[in-house]
Structures are given as C-alpha cells and as structure tokens.
Student: 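Structure in structure tokens, see below.
Chain naming here is simple, since letters A, B, ... match the order of the sequence lines and numbering starts at 1 in each. Model, not experiment: these values are computed from the prediction.
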Protein chains: 6
Amino acid sequence: MFQERYFEDYALGEQRQTIGRTITETDIVLHAGQTGDFYPHHMDAEWCKTQDFGQRIAHGTLIFSVAVGMTAGTINPLAFSYGYDRLRFIKPVFIGDTIHVQVTIADKRDHPKRTDHGVVVEKCEVFNQRQELVLVCEHLLLAQRRAL
Amino acid sequence: MFQERYFEDYALGEQRQTIGRTITETDIVLHAGQTGDFYPHHMDAEWCKTQDFGQRIAHGTLIFSVAVGMTAGTINPLAFSYGYDRLRFIKPVFIGDTIHVQVTIADKRDHPKRTDHGVVVEKCEVFNQRQELVLVCEHLLLAQRRAL
Amino acid sequence: MFQERYFEDYALGEQRQTIGRTITETDIVLHAGQTGDFYPHHMDAEWCKTQDFGQRIAHGTLIFSVAVGMTAGTINPLAFSYGYDRLRFIKPVFIGDTIHVQVTIADKRDHPKRTDHGVVVEKCEVFNQRQELVLVCEHLLLAQRRAL
Amino acid sequence: MFQERYFEDYALGEQRQTIGRTITETDIVLHAGQTGDFYPHHMDAEWCKTQDFGQRIAHGTLIFSVAVGMTAGTINPLAFSYGYDRLRFIKPVFIGDTIHVQVTIADKRDHPKRTDHGVVVEKCEVFNQRQELVLVCEHLLLAQRRAL
Amino acid sequence: MFQERYFEDYALGEQRQTIGRTITETDIVLHAGQTGDFYPHHMDAEWCKTQDFGQRIAHGTLIFSVAVGMTAGTINPLAFSYGYDRLRFIKPVFIGDTIHVQVTIADKRDHPKRTDHGVVVEKCEVFNQRQELVLVCEHLLLAQRRAL
Amino acid sequence: MFQERYFEDYALGEQRQTIGRTITETDIVLHAGQTGDFYPHHMDAEWCKTQDFGQRIAHGTLIFSVAVGMTAGTINPLAFSYGYDRLRFIKPVFIGDTIHVQVTIADKRDHPKRTDHGVVVEKCEVFNQRQELVLVCEHLLLAQRRAL
C-alpha cells in the first residue's frame with residue numbers, strides 16, 4: 001500500500017478511475033451530524049418539495065470528502081496534499097445517486113519556495129450514474145523530486 | 001433562521017466569528033468511516049510516532065467540512081454556494097485541538113454569465129486554540145441582486 | 001451566538017418556531033445504537049406490520065432529543081436548563097415524517113430557593129408535516145435576575 | 001424477551017437495577033451529531049476550562065436517553081410508555097463517568113379516561129460511580145388491567 | 001443480568017430464540033465505515049444491478065456481528081467466548097430483510113488442557129423473514145465446571 | 001481495483017500484510033451500537049477495573065470485522081467468500097492497541113460439489129503493536145478454476 005513516487009514519476013495526462021459508491025440518506029444524516037450543517041436543503045424532505053430541486057440534496061462537503069476518500073489508494077510517502085483549487089459544485093447529488101471519480105494528472109509545476117519538491121495537480125472529476133459531471137476540483141500534491 | 005440578503009447587502013470587510021469546537025478522536029474515526037480514507041496518518045497511532053508530526057492528524061477534508069458546517073448559521077434563500085477557491089491545509093490539526101472559524105467578506109464581483117446575481121467571496125480562516133491558522137479557503141457565494 | 005438574557009427579558013407568550021427536520025431510518029438506527037434500545041417497535045419491520053401502528057416508530061427519546069436540539073440556537077450564558085415537566089408522547093413519529101418545534105414562554109415563576117434566579121417555563125410543542133401535535137413538554141430554564 | 005405483565009402485577013416499591021455504562025467522548029460527539037446541539041458546554045474543551053465545571057459535560061438529553069435505554073429489558077406487550085414527569089438534571093455527567101439506573105415502582109393510579117388501563121409510575125434514578133444521583137425522572141407506563 | 005451457569009448447567013438440545021431485527025441501508029453504511037470494506041457488493045447500487053444478486057448485499061461480518069449481538073442477553077460470569085467454528089454465509093441478506101437467531105446447545109466436550117472448564121458449543125442459526133437460513137456458525141463457550 | 005485471479009493463480013505460502021489501525025474507544029462504542037452488545041466487558045470501565053484484564057476490551061466481533069475489512073483490497077470477480085473456520089480470540093485487544101493483519105495462503109483444496117471452483121484457504125493472523133497474536137481465523141474463498 002506504500003509506494004514511492006517521485007515528482008518525476010507522475011506523467012501529464014495519466015488517468016485513473018475509482019469504483020462507484022451510492023450516496024445514501026445515511027451518508028447525509030451522518031454528514032449533518034459530523035459538521036453540524038442541518039440546513040433544510042439536506043434534512044427537510046417537505047421543504048425540499050417546495051424548491052426547484054424537489055428533493056433533499058447531499059452537502060457539497062460530503063460529496064467532496066467522499067470523492068477525495070474514494071481516490072485514496074496507495075500511499076506515497078514522498079508526497080503530501082497541501083490543498084485544493086477551483087472546487088466547484090456543478091450539479092446536485094441526490095439520495096440514491098452513484099458517483100465515481102476520475103483523476104487526471106493535469107499539470108506539473110515548480111513550487112515557488114521548495115526547490116526539492118514539485119507540485120502535481122490532480123484534476124478530480126466526480127460523475128454520477130448518468131455520466132453527468134457533478135463536482136470538479138484540482139488537488140495539489142507536493143511531491144519530492146529525485147535527488148540529482 | 002431564514003434571512004434574505006441580496007448581493008448589495010454584503011459589505012466588504014464584514015466579519016463574523018464562530019464559537020469553538022474540539023476535534024476529537026471520534027471525529028477522525030467517523031470521518032474515516034464516512035470517506036473510506038483509513039490512511040495511517042489518521043488511523044495508526046504507532047506509525048504516526050515514527051513520523052515528523054508524531055501523532056495522528058485530522059483529515060484535511062474533516063477540518064474543511066467541520067469548518068464549513070460551523071459557519072452555517074442563518075439561511076439566505078437568495079444565495080447559494082457554488083464552490084471554493086484556494087483551499088489550503090496550513091498546519092496539522094491534532095486530536096484535542098479546538099478550532100474556530102473567522103469569516104470575512106473579502107471580495108464582491110460580477111458573475112461572468114448571470115447578470116442577476118453577483119459573486120460574494122467569503123474568506124474562511126480556521127484557527128486552533130493557539131490562534132495558529134490551520135486552514136484557509138475562499139467560499140464563493142452566488143447572491144441575487146436587487147431588482148432595479 | 002452568545003446572547004445575554006435576564007429572567008426579566010423573557011416575555012410571557014413569546015414564541016419562536018424552528019425549521020423542519022425529516023426523521024429518517026438512519027436516525028432510528030443511530031438512536032438504538034446510542035441507547036441500546038433495540039425494541040422491535042423501532043427495529044423490526046416485520047413485527048411492526050402485525051401491530052396497530054403497522055410500521056416502525058421512532059423512539060420517544062429520539063424525538064425528544066432531536067426536538068430539544070432543534071431549539072438550541074443562541075446560547076444564554078445567564079441561564080441553564082434544569083429539567084423538563086409533563087413530557088408526553090402524543091402520537092407516533094414514523095420514518096419519513098418531518099417535525100418542527102414551536103416554543104412558547106408559558107410561565108415565569110420564582111425559584112423556591114434561589115432568589116437571584118427565576119424559572120422560565122418554555123412549552124415545547126413538536127408537530128409533524130400534517131400539523132399534528134406529536135410530542136409536548138415543558139422546559140425549565142433557570143435564568144438570572146437582573147441585580148437590583 | 002416478551003413477558004406479559006398486567007397493571008395488577010406491578011408491586012409498589014418493587015425495584016430493579018441496571019448494569020453500568022461509561023459515558024464516553026464518543027457518546028457526546030454522536031449525540032451532538034444526532035440532535036444538532038453543538039453547544040460549547042459539550043463540544044469545546046477550551047471554553048469549558050473557563051467555566052465552573054471545568055470540562056465538557058454530557059447533554060442532558062444524552063444521559064436521559066441512555067438511562068431510558070439501559071432500563072429497556074423485557075418487553076411487556078400489555079403496556080406502553082406515554083411520557084415522563086419531573087425530569088431533573090441534578091449533577092453534570094463528565095466524560096469517563098459510569099452511570100447505572102435504579103428503577104422503583106413509585107406509584108400506581110387510575111387513568112382519568114381509560115378504565116381498562118392503569119398508570120404505573122416508575123421512578124428512574126441515575127447514579128454515577130461515586131453513587132451520586134445525577135438525573136431523576138418518573139416514567140409513566142400505561143398498563144392493561146386484567147379483565148374482570 | 002448476571003446469572004451464573006456452570007458447564008453442568010447447559011443441557012444438550014436446549015434452545016432459545018431472539019427477537020427480530022431489520023437490516024437497513026444504515027447498517028451497511030455504518031459497517032463499511034467501521035471496517036473500511038467499501039466493496040461495490042455493499043456500496044454501489046448501480047453495479048449490483050449488473051450482478052446475479054441484483055441489489056446491494058450486507059457484509060458477511062455485519063450479519064455475523066449483529067447476530068452475535070442479538071444473542072447477548074444475560075451475562076454468565078463463569079464462561080467466556082473463545083471462538084467460532086464453521087461460520088458459513090448461506091444466503092445473501094438484502095436491505096430490508098429481517099433476521100432472528102436461534103441458538104441450540106449442540107455439543108458439550110472436554111477442553112484439551114483446562115480440566116476445570118468444559119467447552120459448550122452453541123449452534124447459532126440466523127434466519128430471514130422467509131425462514132430461510134442465511135448464516136450459521138458454532139460458538140465455543142468455555143464454561144467453568146462445578147468444583148467437586 | 002478489480003483484478004481477476006483464478007484458483008490456479010493462488011500460490012500456497014503466498015503472503016501479504018496490511019497497514020496498521022489503532023482500535024479506539026470510538027470503535028468499541030460504535031460496535032456496541034451496531035450489534036447491541038453493551039456487555040460491561042466493553043462498556044463499563046469501572047466494572048472492568050475489578051476484573052482480571054483491568055480495563056475495557058474490544059468485542060471479538062469488532063476485531064474480526066475490522067481485520068477482515070483491512071484485508072479487503074483488490075476485488076477478485078472470480079471468487080467469493082463463503083465462510084470462516086477456526087476463528088479464535090487469542091488475546092484481548094484494548095483501547096489504543098494497534099493491529100495489523102497477515103494473510104497467508106494456507107491451503108488449496110477441491111470443493112466437494114462445485115468442480116468448476118476450488119477452495120482457497122487464507123489464514124488471517126491479527127497482531128497487536130507488540131507483535132502478539134490476538135486473533136486468528138481461516139478465510140474460505142471459493143475461486144473459479146480456469147476452463148480447461
């Protein structure tokens with residue numbers, strides 16, 4: 001499960017895809033409980049009927065957290081996550097939707113200060129079962145460079 | 001709990017602060033369970049002892065999700081969240097740390113396409129009990145403009 | 001979120017209403033898990049079909065706890081809860097029912113021993129989506145009196 | 001587990017005692033998540049240090065719910081719970097405290113309307129590991145009378 | 001709840017039956033979260049539609065753990081569990097199925113080393129609401145012998 | 001994550017090892033909640049002080065379920081689990097212990113009825129941070145044979 005990968009080992013355009021996971025009512029209730037966000041958009045089925053989307057929707061932070069978790073496979077001891085850019089909630093995820101994530105190495109760049117590391121940008125795209133893009137973000141991975 | 005606020009009602013520099021919340025071992029175990037991320041950084045106290053940070057650290061997505069949830073107070077039916085920019089994990093959060101969030105209206109701008117809405121940028125800064133900044137992000141709120 | 005209110009600041013008849021929350025199968029399973037009450041009334045869908053109410057019902061303590069939690073808004077550092085009177089389970093709450101709570105200041109009275117505090121009685125009425133009263137109780141709040 | 005008991009079968013003064021259960025940080029975090037009550041009294045260890053009680057305290061509704069669950073043993077198909085009287089939070093319960101419950105048949109009385117049932121009053125007393133009374137309430141059980 | 005039973009007190013063929021419990025989507029999501037097993041068999045409703053069983057199935061370890069928990073009634077301080085033999089997953093358990101457990105004293109034998117204890121074999125059979133056997137195992141209980 | 005492996009692809013003596021996971025108080029509380037087993041061995045810290053082991057111990061089914069989950073890596077669509085043999089609880093696991101699992105292909109044999117499948121026996125050994133064996137079992141995997 002531990003697998004060393006240097007900055008140089010990541011190839012632009014490289015792609016991997018996760019298996020799927022169905023987002024359940026349970027996930028939403030647990031996420032409300034973890035975060036304290038009990039907004040009616042997620043928790044009040046009656047109020048949701050009066051809204052455009054017509055039913056309860058998953059928290060944006062739930063889909064983001066689950067999607068990130070779904071991409072957590074092998075552990076690279078030479079890299080660590082330091083943030084995300086351009087996280088966008090494109091479409092609502094409803095109870096019963098099944099999501100999967102596609103990760104693409106979208107960019108590789110120097111780090112402004114740390115010359116012994118480079119920044120690997122993983123584009124994460126989350127799709128539902130209708131292949132609609134529901135969430136997108138760019139994961140910033142700081143990966144060690146191979147010593148010269 | 002519902003309170004209407006138009007784009008024009010948000011003032012640059014406006015600030016609010018949440019109460020605090022202690023991040024517990026329970027939060028980490030529940031977040032691993034919700035996301036499927038059982039990386040040893042969060043779940044293996046023995047392995048962590050051999051690392052620089054010396055102890056288990058909270059998932060980045062946990063602190064982000066909890067922080068966002070902590071800012072969820074009154075509901076503005078005229079606005080909705082459409083994403084986050086520049087999410088950065090500045091410092092690790094350990095079991096027993098207590099965080100609070102400071103939200104500042106950092107920017108207001110036009111939306112490229114929707115002329116009846118404007119973008120409100122809320123800068124969210126998460127601090128621990130030593131007043132160290134641990135996480136920062138920019139919340140993008142799409143708020144309806146007052147009809148002319 | 002902290003807001004000081006003295007005994008004198010509570011007005012008889014004052015009323016507030018919470019937003020709604022749908023009671024889910026998840027809530028019941030989690031409450032059984034928290035309390036250890038796995039009675040078939042809550043956990044055995046087959047047995048419930050043979051009973052008058054025909055389906056699983058939420059634990060009384062679940063609806064009470066959630067309802068009390070739903071009324072937890074601003075924190076009054078000058079008051080604290082010391083109990084409840086006349087808690088009654090009026091009607092069963094089923095999976096999928098959506099409840100909200102109405103709180104009315106129903107009484108204000110002296111405390112037998114603590115002359116620097118007074119007792120504020122909050123009547124909590126829990127309604128389902130059909131506006132049927134499902135639970136009622138009286139919350140006893142001990143609130144500091146203004147110094148003379 | 002099902003055991004029929006008529007109103008006449010309950011004896012005044014009859015007493016039973018549950019085994020013990022330690023109230024953990026996990027219980028408090030789960031209860032906050034279930035109820036949405038994230039008050040700093042339960043969730044902010046730093047703030048609690050500045051208060052009289054000096055540490056986080058369990059929600060009143062948590063101790064009440066757990067205590068009620070602890071008394072749920074055999075199921076009497078001839079009786080049902082219809083409420084509680086005089087629920088009082090006598091002392092705070094801290095993380096690590098171990099509680100048990102003593103149930104005493106404290107009263108038996110007619111029901112104002114239902115002549116085929118009687119009201120059995122179970123006094124529930126919750127003690128901590130120092131044998132201090134921390135919570136008390138009266139459980140109202142409506143039990144069927146034996147047909148004449 | 002504590003009840004002393006010596007090895008000699010267990011009678012071959014003795015039988016008890018638990019009440020029922022419905023296995024919910026919540027149970028599966030919680031079990032995935034507890035164990036880290038997010039296999040699509042349990043978590044991906046879309047993928048399951050393409051499989052023989054057509055829908056999500058409960059983890060074998062979930063049904064085993066819940067079944068064992070359902071048989072946990074009175075505590076015998078003179079015995080302890082030291083393992084299980086011949087655990088078999090006979091039929092899948094689906095969301096909404098209701099299980100109960102039948103325990104039969106199937107064997108009593110000497111322990112190879114501990115002459116002051118004997119082995120009691122409890123055959124645990126788990127049935128669904130259609131009375132189909134879904135899981136079976138043999139629980140090995142080491143029970144103290146009466147002193148001579 | 002899906003990787004086809006036929007019966008013939010499993011080699012006797014083949015071995016793999018999981019990363020570690022610390023068993024927390026949270027895990028025990030959640031497992032009690034999932035299974036309904038609130039025995040004082042797991043839930044009553046005061047009572048445990050009076051026993052030989054001196055502190056709360058994890059449920060056997062918890063360690064078994066977590067260990068099985070820890071071995072769930074790649075999914076073999078040509079095989080499925082049909083049971084476990086000789087599951088033994090060798091040593092107690094305490095709160096704060098860190099376990100890992102070692103899986104060894106210990107046996108390969110014909111299935112009495114299904115000639116197109118063979119039985120692969122995975123010996124699972126669970127160790128704590130002191131390299132003490134705490135649990136052992138034999139996992140029975142029914143794997144498809146390569147067509148001749």
Student: With a 6.0 Å cut-off (strictly less than), is the heavy-atom count around NZ of B/Lys123, excluding the residue itself, greater than 12?
Tutor: no

Student: Would you mind checking which part of B/Ile28 comes under 4.5 Å of any heavy atom in chain F, side chain (CB onward), backbone (N, CA, C, O), both or neither?
Tutor: neither

Student: For B/Val29, run the side-chain contact (heavy atoms from CB on, under 4.5 Å) check against F/Val29, F/Ile23, F/Asp27 and tell me which one passes.
Tutor: F/Asp27

Student: Under 4.5 Å between any side-chain heavy atoms of B/Arg56 and F/Thr24, yes or no?
Tutor: yes

Student: So what's closer than 4.5 Å to chain B heavy atoms on F/Leu30: side chain, backbone, both or neither?
Tutor: side chain

Student: Report the distance from atom CG of B/Asp44 to atom OG1 of F/Thr98, rounding to the nearest 0.5 Å.
Tutor: 5.0 Å

Student: Can you tell me how far apart CD1 (F/Ile95) and CD (B/Glu25) are? Round to the nearest 0.5 Å.
Tutor: 8.5 Å

Student: Got a second to check how far B/Glu46's CD is from F/Thr22's OG1, nearest 0.5 Å?
Tutor: 6.5 Å

